[in-house]
Each structure stands twice: as structure tokens, then as C-alpha cells.
Amino acid sequence: MYRKLTCLACFIFVLGLVSAGWADTVDPTLAGWWKFDGNGLDASPNGRNGTLAGDAQFVSGYSGQALALDGDGDYFTVDGYKGVLSVSPVTVTAWVNTTATADEGDITYWGRNSGTRRVDFRVNAGRLRVEHGSGNIQGDTSLNDGEWHHVALAMRAGAAMVHPEVKLYLDGRDDTRRNTTDPDAFNLVDNANNVDLTIGRRVPQDDRHFLGMIDEVRIYERELADIEIRDLSSLGYLASAHDPEPADGERLEATWGILRWSASPPAASHDVYFSTSFDDVSAGAETAFVG
């Protein structure tokens with residue numbers, strides 16, 4: 001016989017001497033990154049550049065310059081890029097600044113206007129909202145105060161419209177309301193009718209034009225961990241180790257195990273602390289340090 005063992009481990013990251021830009025561009029899941037610093041260039045290695053439409057322009061933004069939209073036919077299109085299909089997870093992050101109170105204002109849109117075959121990430125009545133079927137998930141906190149806010153959408157592959165398969169983040173924290181009107185599964189497939197990724201407009205109806213500013217839009221072909229979204233919100237780059245195995249708080253019945261985690265791209269090393277005392281691990285006590 002043996003006693004069940006609960007292992008408490010904390011992974012402390014150490015940043016290497018590299019730039020934040022390097023950390024993001026080497027991430028193979030970074031599908032696109034539009035900084036809007038006076039142009040529509042894609043800062044990822046993928047070359048997915050975009051163009052302005054209407055009276056869209058570049059103004060002083062959250063970081064450098066931003067995309068300014070007046071809510072009357074302005075938008076930005078990534079020419080030839082159809083977004084992420086439902087066979088893959090996806091995360092969209094951006095900085096937004098708006099005072100709009102209307103029930104519309106798309107941040108990003110791709111797919112086609114056919115039930116579950118679209119991703120419509122937007123501001124609705126001052127709160128975040130996403131829909132890819134007849135149902136939707138909403139954020140809980142108003143953000144239309146004329147200040148800059150970091151927003152994010154994270155969806156698992158083929159996600160149903162339910163939390164936690166779909167999450168909305170505001171300023172680095174999960175702000176999802178645990179409700180939905182229809183848990184349809186995301187079912188966007190490769191199709192010639194899919195529209196190009198568009199920022200600031202719902203394409204098929206040419207409506208839901210965003211009023212305000214949008215900056216630093218990124219799309220990842222994976223579901224970012226909570227701590228990674230906090231990193232982007234507070235630091236502007238991915239810094240933390242994440243996705244530990246065994247999972248945080250998991251109870252182990254084995255008397256031995258292998259610890260794994262996903263490294264942050266710029267980390268030079270990781271310090272591992274292991275103890276039956278959470279306080280020692282949290283404090284980085286010398287007695288808990290193992291290597």
C-alpha cells in the first residue's frame with residue numbers, strides 16, 4: 001500500500017536577453033500580427049499584409065500607431081487570408097478603444113455568413129461578444145469608456161458555443177458570461193466563398209462597422225493559456241512557462257512522475273521548485289529548489 005501523493009510545483013521563468021518581437025515571430029502558431037504602425041504590414045513571418053478601405057487611417061495608438069475607424073464604412077482587409085478553420089484552435093488578441101454604445105462593432109470577421117461557418121468577434125452594447133452560429137457568448141464588463149483595453153477570444157478546435165470551449169478575455173482576465181442561446185459547434189471549412197479576414201466590419205452584410213481605434217491584432221492557431229493572455233495584456237509578449245503536465249492542482253497517485261511544461265520562447269532557463277508546501281514553492285524557498 002501507499003499513500004496518495006499531492007505534488008505542488010511552480011515553474012519560474014527567466015527571460016533571456018532577446019527582444020519581445022523575436023519572441024513572437026518565432027512562434028510557429030502566430031498566423032498574423034498587424035501592428036498598424038503607419039502601414040498594413042504583417043509583423044509575423046507569413047507576409048499576410050492588408051489594405052485600408054473607406055476613410056480608415058493610422059493615428060497615435062496604444063503602441064506606436066493604431067487603426068482608426070469612424071464607424072461609417074471603414075475597415076481593414078487582409079487580402080487573400082481566409083482566417084483559421086475549425087479543425088484548429090484559435091486565439092485572437094487586440095487592443096481596442098471605443099465609446100460606441102450601439103449593438104455592433106466588429107473587431108475581426110472571417111468565414112462566410114452561414115451559421116457555424118464564421119467567426120464574428122465584436123463589441124456589442126459595450127461588451128465583448130462572439131458568434132459562429134445562431135448562438136453567442138458575451139463578455140461581462142463594459143469596455144466602451146474611451147480607454148485602451150486588451151481583448152482576446154480563445155476557441156478550441158471545433159468548439160461548441162459554451163464556456164470554457166470558448167473564452168472572452170478583457171484586460172488579461174476571463175470575462176466570459178457563462179451563458180449561450182445555442183451551443184452550435186464551430187464548423188468552418190475551406191471554401192471558395194469564405195471572405196478574407198476583415199478588421200472593423202461584418203463582410204457579408206457590409207455592416208457592424210467599428211467606431212474607434214484598434215491596435216496590435218494577433219491571431220494564433222492555438223488556444224493560448226490564461227497566463228499567456230495575461231502576458232500579452234501586461235507585457236506585450238509571451239513570457240511565462242505554461243501548460244504544465246501534470247496539470248496545476250492535479251492529484252497524483254503514483255509515487256514518481258515526469259514533470260513537463262511548455263517553455264516561453266525567449267526563456268534562457270527555467271527554475272523548478274518542488275515541495276509538499278505550497279507556501280515554499282510560491283515563495284521560491286531555497287529548500288524547494290530542485291534545479
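What you see is a predicted model, and the numbers here were worked out from it, not measured in a lab.
Put simply, L143 and W95 are part of two different groups of oily side chains (I, L, V, M, F, W, Y) that touch within less than 4.5 Å, one to the next. By the criterion of side-chain heavy atoms lying less than 4.5 angstrom apart, applied directly or through intervening Ile, Leu, Val, Met, Phe, Trp or Tyr residues, L197 is grouped together with L52 in one hydrophobic cluster. W34 and M213 are assigned to two separate hydrophobic clusters, defined by single-linkage of ILVMFWY side chains at heavy-atom distances under 4.5 Å. Hydrophobic cluster membership is shared by V59 and Y62, with clusters built from Ile, Leu, Val, Met, Phe, Trp and Tyr side chains linked at under 4.5 angstrom.
In summary, K167 and D226 engage in a salt bridge, as defined by a charged side-chain N under 4.0 Å from a carboxylate O. Under 4.0 Å is where a charged nitrogen must lie from a carboxylate oxygen, and between R173 and D171 no such pair does. The pair R156-E223 meets the salt-bridge criterion, with a side-chain N (NZ, NE, NH1 or NH2) lying under 4.0 Å from an Asp/Glu carboxylate O. Ion pairing of E228 with R218 is absent here, as no side-chain N (NZ or NE/NH1/NH2) approaches a carboxylate O to less than 4.0 Å. A salt bridge links R201 with D206: the distance from a Lys NZ or Arg NE/NH1/NH2 to an Asp or Glu carboxylate oxygen falls below 4.0 Å.
For the side-chain contact (heavy atoms from CB on, under 4.5 Å) test with F121, the passing option among D106, L168, V90 is L168; the others fail. When each of Y109, Y75, W110 is checked for a side-chain contact (heavy atoms from CB on, under 4.5 Å) with V203, only Y109 meets the rule. With I107 as the fixed residue, the side-chain contact (heavy atoms from CB on, under 4.5 Å) test singles out one of T98, V130, L153, L128: L128.
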> Given the rule in the side-chain contact (heavy atoms from CB on, under 4.5 Å) test, do M161 and D184 qualify, once you have shown the distances and angles that lead to the verdict?
Replying inline: CA-CA 6 Å; M161 191 60 77; D184 287 341; 5.6 Å; no
> T29 and D27: side-chain hydrogen bond (donor to acceptor under 3.5 Å, both in side chains), yes or no, with the steps?
Replying inline: CA-CA 5 Å; T29 69; D27 188 330; 2.7 Å; yes
> Going through the distances and angles, do I219 and Y81 end up as a side-chain contact (heavy atoms from CB on, under 4.5 Å)?
Replying inline: CA-CA 12 Å; I219 295 180; Y81 175 52; 4.2 Å; yes
> Step by step, would you call H132 with L188 a side-chain contact (heavy atoms from CB on, under 4.5 Å)?
Replying inline: CA-CA 9 Å; H132 62 222; L188 178 59; over 6 Å; no
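A distance of 11.5 Å separates CD in E131 from CD1 in I137, rounded to the nearest 0.5 Å.
Side-chain contacts under 4.5 Å among hydrophobic residues (ILVMFWY), followed directly or transitively, place V189 with no other residue at all.
The shortest side-chain heavy-atom distance between D196 and K82 falls under the 4.5 Å cut-off.
Across all their heavy atoms, D174 and Y169 have their closest contact at N-CD2, 3.6 Å.
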